[in-house]
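Side chains included, hydrogens not; waters and symmetry mates left out as well; all remaining heavy atoms used. Throughout, a chain's letter reflects where its sequence line sits, starting with A, and its residues are numbered from 1. Quantities reported herein were computed from a predicted structural model and do not represent experimental measurements.
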Protein chains: 2
Amino acid sequence: MVNNLKNPTLKEVASLAQVSTATVSNVINNTKHVSESVKKQVFNAMEALNYKPNEIAKSLRVQQSRLIGILISDISNDFISKVVKGIENTLSEIGYNVLLCSTDSDFEKEKEYLNVFMGKRIDGLIISSSGTGDYEHYEDLIKAKVPVVFLNRCPDHFPSNMVMTNNIKGAYSATEHLIKHGHKKIGIITGPLHFSTGRDRFIGYQRALDDYGIPFRKEIVLEGCFNIESGYELTKKLFEENIDVEALFISNNSMSLGAYKYIKEQGIKIPEEIAIYGYDDPEWADIVDPPLSGIKQPAYQLGIYAAKKIVDTVQGNCTETRGIKYLDPEMVVRKSCGC
Amino acid sequence: MVNNLKNPTLKEVASLAQVSTATVSNVINNTKHVSESVKKQVFNAMEALNYKPNEIAKSLRVQQSRLIGILISDISNDFISKVVKGIENTLSEIGYNVLLCSTDSDFEKEKEYLNVFMGKRIDGLIISSSGTGDYEHYEDLIKAKVPVVFLNRCPDHFPSNMVMTNNIKGAYSATEHLIKHGHKKIGIITGPLHFSTGRDRFIGYQRALDDYGIPFRKEIVLEGCFNIESGYELTKKLFEENIDVEALFISNNSMSLGAYKYIKEQGIKIPEEIAIYGYDDPEWADIVDPPLSGIKQPAYQLGIYAAKKIVDTVQGNCTETRGIKYLDPEMVVRKSCGC
DNA sequence: ATCTTCTAGTTAATCGATTAACTAAAGTAT
DNA sequence: ATACTTTAGTTAATCGATTAACTAGAAGAT
């Protein structure tokens, strides 16, 4: 009797079907013509043994793992998880799988993961991470010629393709909208300015002020981390220090949540006492009071695009090495801005 | 010169260090005593070539992939993504990696993924999925002796370990709390009753009514899917059909969001016109008006526990085959219930 | 009838690691 | 001095697939 604990091998299938291993392989992969009768024997043998090809052995031989790594800072972020969903759905359709790594923006962890990725011989990598803006550790990837696509947060001088939303444009629209409501004293709660997301949204904000002739005031730029706590603390600071501001542009979903938390606690009125325009369009945006106006990023689409791009690169159908694709964000106007 | 496009192999390291491949392997894995001088030669050679062991080759030889599959319905769900984060963080520390598959509760997709998993020879699998309550397709896993841990949604008669929150208890507490507010007409918006989560929360609800001598009324049980749309539609139905209800227990975060959406739209007053207790504790719970009372599940902890369990099983340190671990949910009382 | 081409398969090397079995040299006990 | 252990390494088989190179027989061309 066949050993039940071990998976049957191609060799066993071959011997049961009374053909060579080459023939079995050719049947499975449709790589050479095989007569119908022999095919049938092979299929029968596969069926009888409940054979499942060992993809590890295949990977070793053909030198590709069919694995795409995803390096992200935090899978539990609303926006990121939608991106990942887009990536996963797309890749699985093309026959690739996702190796997920969540770094918590920890530099050391990120470095370690890169080594794991190289060890597992991933075919390509999608990166939406990096806490510090320090990118030396990506050098190894470049050396090893691992195809990389950067998503949303992008290092400046890197021979890799990038996919991102047009953050400058989005932030510009939000700020412009507040200006059109008649506000001149518009503050910003921003994430780290060494992230491209943080920086670009800040630039959009600045540019809108500039275009409308509103002088830039350094004291109403509040920089923190892209998380709930930071949103809360900076809003608190704003009000406790009585900073002279009528409206606020907030740079991402988590920070908006934090801001709302403080504002609700204190019973401050939106938009009367402070008008708000956020970035991102979290699912809770239309059930809070007042509903949050935001800049909706096409998260799922972003994932799809990144997935397609990395596969194209892996398969050599994409010769571009520093292409930047911008997807446009969308204004979702609700009430928090004063509309 | 060494070919730069290909990763250096252990053989190349061996030849540069002028030792056998066995010795290099022993140095890397610390499997046999090797003299300091030889060790140094080997390390130098590794360094010089920038050698990274090929984990695929290793996997083939030692017959383990160090890969754990995760089969989930939707990574963009708030609760699930936290679970996944817990799993990933825990596994990566023990040297395992996560192969992520999101099924959208699509039965065919799930079947396909199981095949992919078997092909990739994952060492173990964590499942929190299955749309239909149909579990035959897991048979193959059992046959192939792939260790499985079920998370949160669990089939009834399966020789696998399970990790879940005590849904009955959580739902009981929520319902009991509404009863103690003096309500007798308490409806439920529930997910599919063929999911163990749906069913157990329903049971908890029923049991609480029973214990307090409140007669069960079939017409105030509204069953739908665990998503926003369903929460919205069922709430709409409730009010449009003028069903006689003072309070509502809502079975998960997405459905609560949908309910709030409808209620806000219609300007219905919570808790005066309808008191609400939800399941889950989404991040927006305390910024909506009134803040949502909920049953908080230890999502991250659940992930940690499942990860540890699957590794223990894989490594043979866990002989249990049908252990069920319940983690307790926690009541978070805010204002929507009437407090 | 002879030579060429085509068809349907087989044989065996290969991918890059691990590891059981072996060996030569040095150390130790009697 | 002899026999036994220990030490520090090597040799070669192995994991399970793919695939280039080969082969025997049938078909087709002249």
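Heavy atoms of B:Ser25 sit under 4.0 angstrom from at least one base atom.
Classification of B:Arg66 and B:Asp123 as a salt-bridged pair fails, no side-chain N sitting under 4.0 Å from a carboxylate O.
Listed candidates were C:dA8, D:dA8, D:dG16. Nearest to the side chain of B:His33 is D:dA8. Among the nucleotides D:dG9, C:dA17, C:dC15, the one closest to the side chain of B:Val38 is D:dG9. Set against C:dC15, C:dA17, D:dG16, the side chain of A:Ala57 has D:dG16 as its closest nucleotide. Considering only side-chain atoms of A:Val34, the nucleotide from D:dC15, C:dG9, C:dA17 that sits closest is C:dG9. Closest to the side chain of A:Ala22, from the set D:dG9, C:dC15, D:dT19, is D:dT19. Side-chain proximity of B:Ser20 to D:dA13, D:dT10, D:dG16: nearest is D:dT10. If you check D:dC15, C:dA17, C:dT10 against the side chain of A:Lys32, the one that comes closest is C:dT10. The nucleotide whose nearest atom lies closest to any side-chain atom of B:Thr21 is, among D:dA21, C:dT18, D:dG16, C:dT18.
Remark: the A:Lys52 side chain and the B:Asn115 side chain contain an N/O donor-acceptor pair separated by less than 3.5 Å. Side chains of B:Tyr113 and A:Ser92: a donor-acceptor N/O pair is present below 3.5 angstrom, by distance only.
Going from atom CD1 of B:Ile28 over to atom C1' of C:dT18 covers 11 Å, rounded to whole Å. Remark: P of C:dG16 and NZ of A:Lys58 are 17 Å apart, rounded to the nearest angstrom. In this structure, CD1 of A:Ile56 is placed 14 Å from P of C:dT18, rounded to the nearest angstrom. Here the P atom of nucleotide C:dG16 and the CE atom of A:Met118 are 15 Å apart, to the nearest Å.
Put simply, the side chain of A:Val19 does not reach to within 4.5 Å of the side chain of A:Val13, judged on heavy atoms.
Distance check, rounded to the nearest 0.5 Å: OG of B:Ser102 to CG of A:Leu100 gives 11.0 Å.
Contact annotation: B:Asn29 reaches the phosphate of C:dT18 (side-chain N/O to OP1 or OP2, under 4.0 Å).
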